[in-house]
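Single-structure report; data block below.
Computed over heavy atoms, backbone and side chain alike; hydrogens, waters and symmetry mates excluded.
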There are 2 protein chains.
Amino acid sequence: MYNILIIEDEKPISDFINLSLRAMGYGCEQVYDGEEAADKILEKRYSLILLDIMLPKANGFELMEFIRPMEIPVIFLTAKASVQDKVKGFKLGADDYLTKPFQIEELQVRIENVLRRYYKTDEILTYKDISVNVSSHKITKGEKEIPLTEKEFKLLVLFISNKNLALFREQIYEKVWDREYIGDSRTVDMHIQRLRKKLDLYDQLVSVFKVGYRLEE
Amino acid sequence: MYNILIIEDEKPISDFINLSLRAMGYGCEQVYDGEEAADKILEKRYSLILLDIMLPKANGFELMEFIRPMEIPVIFLTAKASVQDKVKGFKLGADDYLTKPFQIEELQVRIENVLRRYYKTDEILTYKDISVNVSSHKITKGEKEIPLTEKEFKLLVLFISNKNLALFREQIYEKVWDREYIGDSRTVDMHIQRLRKKLDLYDQLVSVFKVGYRLEE
DNA sequence: CTAATTATTTACAAAATTGATACAAATATA
DNA sequence: TATATTTGTATCAATTTTGTAAATAATTAG
């Protein structure tokens, strides 16, 4: 999970960013001036810093010099739009630059880009010779790529993340279908079938009578 | 042992939850407003938080933001049932959501689910060379895995959890079959039989004349 | 010790669950 | 819009589990 530090003195803007990023699944913290920022950065390793240029007690450029040696990616956030500023920012090691006001979607895209560039973490789950690239939704068994449908994919991820656990149909349904399970439906069973068939998991993805299914190590 | 913090300003409800959860074996503490809650959370690491949305001195959503970085699972408890609220809750990191009024049984189920998801502790019971992995529903005796049916499984769990206690047929029936015992049926006996056979418990799982059965240490 | 009661064993049929197949509805894609 | 893909349901077969009945064995109380 990524942790983002928001350094921005205008509270409404900061709060707005905070909420939006949290909604996207990022962990966020907010600070409102340069000193607080420095403290926070020393105390914890952030994945990314969003940095406003105009700040009380140390401006963004100064802070940038402070951050740079730590090799944390930084996106500048500012009302200043001059080319000189941009150049200065990039020279100091900024990874991106966003001019206020901006659409939150744009910020999201930039964050994702920066994080991908920086961390290149394709989350990959594996089970025996099956590997699941969660980010790209690609599944391979051995060398071969096996296309899975959405539900099959979610099922597989669920089971691999819960190896050896007997999962109740109810749990499965609520996780994969994301809504309440109203007893007695064969839907889960059917999809288990299909998953077994596509990945030849007949002996591994076993039924637990009266309970549900389990993926065996 | 799990510790649950109940953040709920309506004392009767809070007390009721407290009593019920204690009866289920959880450790519980109660606070009645946001500030108290924050203090408690800072002071001690809870396993799970039950959080009412409408609170004096900081509402549940605010509190949620405070809790989230600590990665403590949260179940929202509220009279508010709007979809927006639910979405908001989940986005802020709630693990589940329960709308008042609710059955205590439902709360129990949700708590168990969340705790299992979060702590993924394989609950393992043992008796001599038999081990019962409750999470995966697997039973081994020595090195060998012994498949049990659901009723047998429940029976075994019941007896291991009540070693050396003579259990009345009635009790057994009501625990395992989850419905009222209407006198004189050989059903329990039959299943005891099958369990004995599968796990070779003839000398340990003994009959108590006129009463029921007991698993001896 | 013996009759009466209670538990165990065996056998079997009923009930419930899961697997397989086929198909229609819903959804996505060209 | 037409086409393909995905998804959910219905159906039936296969399997497993479960409950009961009847016969047998064991235990208890008198």
Side-chain angles (χ1 to χ4, degrees), chain A residues 137-139 145-159 166-216, chain B residues 132 136-139 145-159 166-216:
Chain A
H137 273 232
K138 276 189 181 168
I139 290 89
E145 187 180 333
I146 312 275
L148 293 187
T149 69
E150 174 70 12
K151 296 278 187 277
E152 288 158 3
F153 177 82
K154 283 190 172 185
L155 264 182
L156 182 61
V157 169
L158 178 65
F159 276 100
L167 301 176
F168 290 91
R169 271 195 187 64
E170 204 180 334
Q171 288 181 284
I172 297 171
Y173 192 84
E174 292 185 352
K175 274 282 183 187
V176 172
W177 277 261
D178 206 24
R179 59 186 132 111
E180 209 185 338
Y181 178 71
I182 313 161
D184 189 46
S185 135
R186 310 297 310 284
T187 305
V188 172
D189 303 46
M190 198 59 246
H191 284 270
I192 293 280
Q193 278 314 320
R194 288 166 176 155
L195 193 56
R196 277 186 185 147
K197 192 170 181 187
K198 284 198 184 175
L199 295 171
D200 187 25
L201 288 172
Y202 291 96
D203 298 331
Q204 290 81 42
L205 188 48
V206 301
S207 120
V208 180
F209 207 86
K210 279 276 278 176
V211 175
Y213 295 90
R214 178 182 61 218
L215 182 64
E216 311 218 291
Chain B
V132 180
S136 69
H137 271 237
K138 272 188 183 175
I139 291 87
E145 187 182 333
I146 312 276
L148 294 188
T149 70
E150 208 227 349
K151 294 279 188 279
E152 288 157 5
F153 178 84
K154 285 190 170 180
L155 265 180
L156 181 59
V157 169
L158 178 65
F159 277 101
L167 302 175
F168 289 92
R169 272 193 188 65
E170 202 181 335
Q171 288 182 284
I172 297 170
Y173 192 85
E174 292 186 351
K175 277 278 184 190
V176 172
W177 276 259
D178 207 23
R179 59 184 133 111
E180 210 186 337
Y181 178 71
I182 312 162
D184 189 47
S185 133
R186 303 252 65 77
T187 305
V188 171
D189 303 47
M190 196 60 245
H191 284 271
I192 291 282
Q193 206 32 243
R194 287 166 177 155
L195 193 57
R196 277 185 183 148
K197 189 170 184 188
K198 285 198 184 175
L199 295 171
D200 186 25
L201 288 171
Y202 292 96
D203 298 332
Q204 291 81 41
L205 187 49
V206 301
S207 116
V208 179
F209 201 79
K210 287 269 275 176
V211 175
Y213 296 89
R214 178 181 60 220
L215 182 64
E216 311 211 298

>> So for the helix from C:dC1-D:dG30 to C:dA30-D:dT1, with five pairs setting each end axis, what is the inter-axis angle to 10°?
In response: 40°
Would you check if [X] and [Y] make a side-chain contact, meaning some heavy-atom pair closer than 4.5 Å?
X: A:V208; Y: A:F168; value: no
X: A:E174; Y: A:R179; value: no
X: A:E145; Y: A:I139; value: no
X: B:L199; Y: B:L205; value: no

>> Going by the rule side chain to side chain donor-acceptor pair (under 3.5 Å), which residues pair with B:S207 if we only count those two or more places apart in sequence or in a different chain?
In response: none
>> Restricting to side chain to side chain donor-acceptor pair (under 3.5 Å), what partner residues turn up for A:R169, sequence neighbours left out?
In response: A:D189
>> Please enumerate all residues that pass salt bridge (Lys or Arg N to Asp or Glu O under 4.0 Å) together with A:E216, with sequence neighbours excluded.
In response: A:R214, B:K138
> Which pairs count as ring-ring contact (aromatic ring centres under 6.0 Å, His included) when at least one residue sits in residues 187-215 of chain A, sequence neighbours excluded?
Replying inline: A:W177-A:H191
> When every nucleotide of nucleotides 6-19 of chain C is labelled 5' to 3' by its protein contacts under 4.0 Å (heavy atoms), B for base, S for sugar-phosphate only, - for none, what sequence of letters results?
Replying inline: SSBBB------SBB
> With a non-hydrogen cut-off below 4.0 angstrom, is B:E152 in contact with a base, only sugar-phosphate, or nothing?
Replying inline: nothing
> By ring pair (Phe, Tyr, Trp, His ring centres under 6.0 Å), which residues pair with A:Y181, not counting sequence neighbours?
Replying inline: A:Y173
> What is the 5' to 3' range of DNA chain D, first to last nucleotide, that sits under 4.0 Å from any heavy atom of chain B?
Replying inline: D:dT17 to D:dT28
Residues 147-158 of chain A side chain polar contacts: donor-acceptor under 3.5 Å, at least two apart:
unit_1	atom_1	unit_2	atom_2	d
A:T149	OG1	A:E152	N	3.4
A:T149	OG1	A:E152	OE1	3.3
A:E152	OE1	A:T149	N	2.9
A:E152	OE1	A:K198	NZ	2.9

